[in-house]
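Here is the structure we will look at, set down as structure tokens.
This chain uses plain numbering: 1 for the first residue, then up along the sequence.
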Amino acid sequence: MGVVSGALPQLKESLDLTQSQQEMVVSFLYLGGGIGAAVGGSLCDSLGRKMAILITDAVFVTGAVLLYFSWNLPSVLVGRVIVGFGVSVSGIADVAYLHEISPSEWRGSIVSVNEACISLGFLLAFIAGFAMGAIDEGWRILFGLSAPIAVVQFLGMLAMPDSPVWLEEQGRMAEAEAALKVIYTSSGICGNASKSDGASSYENHLAGSPSSVNKPKQDLEGSLTDSSVHSGSSTTSSQRRLPTDIDVQAHQSRRTSSAPFMVSQSSSFESQYSPKASIFSSCKDSFFQFEHEIETHRQQAVIAIFLSVVQQFCGHPNVLNYAPEIFKQAGLASPQSSLGATLLIGVIKFIVTCAVIWKIEFLGRRFLLLSGMSTIAVSLVMLSISFFGTEERQMGSFWGYVATLSVFGVILGYAASFGPLTWLLTSEMFPAAVRGRALGASTLVSYLSASLVSYTFLSGQQLFGPCVPFVIYSIITSVGLAFACLAIPDTGDRSPEEIEADIQDMWWWKKTARNATDLVGTDGHNAMSTYASMDHSPGQSERKIIV
């Protein structure tokens, strides 16, 4: 994704691109991402997290090869759409996979590793862009670099197990148990345990108990589970124990949250191995299941959409993709100096993301989200002031430094908030049965928003002035900060059911629920008054019924 900032100046010269065509090159990746998000969630839920990742690796290779051999603008745009499709589906599958193999107390850090790898990718892309700046048509190499990386990931994923949670949702209990044993063998949880021990830890993990996967072996020696019976294990009476109340409540809570899906999941499992099975029918069933589930998680859906929209409309995509142009406007005239400043963006983004991963469980999701959004809002205000009036005058050196530091501030704030938290919070708020499609819907909204933001930046500066886009971004971020303060709780080490209860306690949702209750009460009172004022004589009633 980050290669476009280094490739765009060269691509502009090579293909003689206009300002609008440059915006198309940037935004078409997000357009492809929107297409991928529209189907990626259903693919992820129907085919599995691992298979979705393998498919995206093949898509990456296809797009990278096309971009390397591109001969005109249309071929570049098609390649960008293909790569965007892969980026989107990969993002959905990666987050769902990491979430479902992680113990809850490590989940924030493990899922955020995905964002750290993205930040590292941006850093490497900026380094490559800086190195290729003096090479003729170096943009071809920059766009083609993703192919060998995708091949390496493809080979690595072949040796990885699929998500045990997804396997359990499909009714493949023995495979889920085996996958969980592979995942946790290195930690000593299941490594020396008997088959019944593995089954017990498997049940505890899938039940969503916050600390079950980290309990020592003796605490995990469990009850005789269905999976151990089916797998033919011979658990002695000394190894058995009755599940605790906490285990039962957690397991029942999880089953209840997925209740609308249990029948359809089993039918989906049966159809998966039927000759008549098709990806289309699985996606269609997944869509209708998702629509039903979202009705019971409306508040979570609103929060997920909010995060997806505001993370793009804070202007972060444009700060990354158009960084050399922004630095040029700020006074860094030479291409090498602007590319050097862009490289510094990658360094800051990667370092902050790693720091967030290290301390996310200590600082908390909510603190990081609010502090990061505050940093973005302040930085955008300073950018707006720095660029004010520059269409009529040259930016002074002082304001050039302010603008440069403000760009770094936007990157720092994003890396501490939206970067790791948008997908982490979304994955934590929704139950496993709908998680892939929830991430897919959020990704769709995110990429469509990014496409709109990216396609209007340069033209918006030309039409309304260099500062106006930053003013708009600062207003949106400030309003979003207020909503986050009032509506989004901390989700750390919490089950989806507990998070839902915490959401209900937030001021915003209490207020909207009270207003809805008052509205229903007023309407009910008016309806009763109207009914009481009606003529209820037999003839009148009969006449109305006939009508």
Side-chain angles (χ1 to χ4, degrees), residues 95 98-99 102-116 118-119 208 210-211 297-314 316 349 352-380 409-431 435 438-439 442 445-446 474 476-513:
V95 172
L98 292 173
H99 177 100
S102 307
S104 61
E105 56 265 53
W106 301 341
R107 187 173 60 213
S109 296
I110 292 177
V111 174
S112 297
V113 166
N114 181 60
E115 180 63 23
I118 293 174
S119 299
S211 58
H297 297 88
R298 290 185 180 180
Q299 295 166 342
Q300 292 92 321
V302 171
I303 293 173
I305 291 173
F306 158 79
L307 292 171
S308 299
V309 171
V310 179
Q311 76 160 341
Q312 306 299 345
F313 277 91
C314 71
H316 175 263
K349 185 176 178 66
V352 174
T353 303
C354 291
V356 168
I357 292 173
W358 181 36
K359 289 296 184 181
I360 187 172
E361 304 299 346
F362 175 75
L363 296 174
R365 280 83 156 148
R366 179 177 164 84
F367 172 81
L368 288 170
L369 180 64
L370 299 181
S371 58
M373 291 182 68
S374 300
T375 303
I376 295 172
V378 172
S379 300
L380 288 171
V410 172
I411 298 300
L412 188 153
Y414 186 93
S417 57
F418 288 121
L421 296 179
T422 296
W423 311 117
L424 174 60
L425 267 61
T426 301
S427 68
E428 289 178 331
M429 288 188 298
F430 291 95
R435 184 172 297 126
L439 288 166
S442 297
V445 173
S446 178
S474 65
I476 293 173
T477 305
S478 299
V479 173
L481 176 61
F483 176 82
C485 287
L486 301 175
I488 303 180
D490 202 307
T491 61
D493 200 17
R494 311 283 283 171
S495 69
E497 293 76 21
E498 293 170 328
I499 293 171
E500 184 174 6
D502 292 341
I503 290 173
Q504 300 287 346
D505 289 335
M506 297 300 292
W507 180 90
W508 179 274
W509 305 114
K510 284 184 177 179
K511 185 69 173 178
T512 53

inquiry  = Quick check for you: to the nearest 0.5 Å, what is the distance between Leu98 atom CG and Leu424 atom CG?
reply    = 10.5 Å
ask   = So which pairs with a foot in residues 410-430 pass salt bridge (charged side-chain N to carboxylate O under 4.0 Å, His left out), sequence neighbours left out?
value = Arg107-Glu428, Arg365-Glu428
query = So how far is it from Ile503 CD1 to Ile303 CD1, rounded to the nearest 0.5 Å?
reply = 4.0 Å
query = Rounded to the nearest 0.5 Å, what separation is found between the CG atom of Leu486 and the CH2 atom of Trp509?
reply = 10.5 Å
task = Show the numbers, then the answer: is there a side chain to side chain contact (heavy atoms under 4.5 Å, CB included) between Val95 and Thr426?
result = CA-CA 10 Å; Val95 172; Thr426 301; over 6 Å; no
key: Phe483 side chain reached by Val310 side chain, heavy atoms, under 4.5 Å   = no
inquiry  = Could you report the tightest heavy-atom contact between Pro420 and Ala415, atom names first, then the distance?
reply    = CD-O, 3.2 Å
request  = Indicate the atoms forming the closest heavy-atom contact of Met373 with Gly480, along with that distance.
outcome  = CE-C, 3.3 Å
message = Are the side chains of Asp502 and Asp490 in contact, using a 4.5 Å heavy-atom criterion?
response = no
Crowding at CZ, Phe367 (>12 non-hydrogen neighbours, <6.0 Å) = no
key: Met429 CE to Ser442 OG distance, which is reported to the nearest 0.5 Å   = 7.0 Å
ask   = Do Glu500 and Gln300 touch side chain to side chain, with heavy atoms closer than 4.5 Å?
value = yes
query = Got a sec, which residues hit side-chain contact (heavy atoms from CB on, under 4.5 Å) with Leu370, two or more places apart in sequence or on another chain?
reply = Arg366, Leu481, Ala484, Cys485
ask   = Where do Gln299 and Gln504 land on the side chain to side chain contact (heavy atoms under 4.5 Å, CB included) test, with the steps shown first?
value = CA-CA 9 Å; Gln299 295 166 342; Gln504 300 287 346; 2.9 Å; yes
key: Beyond-backbone contact of Lys510 with Asp505, side-chain heavy atoms, under 4.5 angstrom   = yes
inquiry  = Applying side chain to side chain contact (heavy atoms under 4.5 Å, CB included) to Ser446 and Trp423, what does each step give before you reach the verdict?
reply    = CA-CA 11 Å; Ser446 178; Trp423 311 117; 3.9 Å; yes
request  = Could you check if a side-chain atom of Lys349 sits within less than 4.5 angstrom of a side-chain atom of Leu412, using non-hydrogen atoms only?
outcome  = no
key: side chain to side chain donor-acceptor pair (under 3.5 Å) partners for Thr353, two or more places apart   = Ser119
ask   = Closest approach of Val356 and Ala416, non-hydrogen atoms and distance?
value = CG2-CA, 3.7 Å
task = Kindly compute the distance separating CG (Leu368) from CG (Leu363), expressed to the nearest 0.5 Å.
result = 5.0 Å
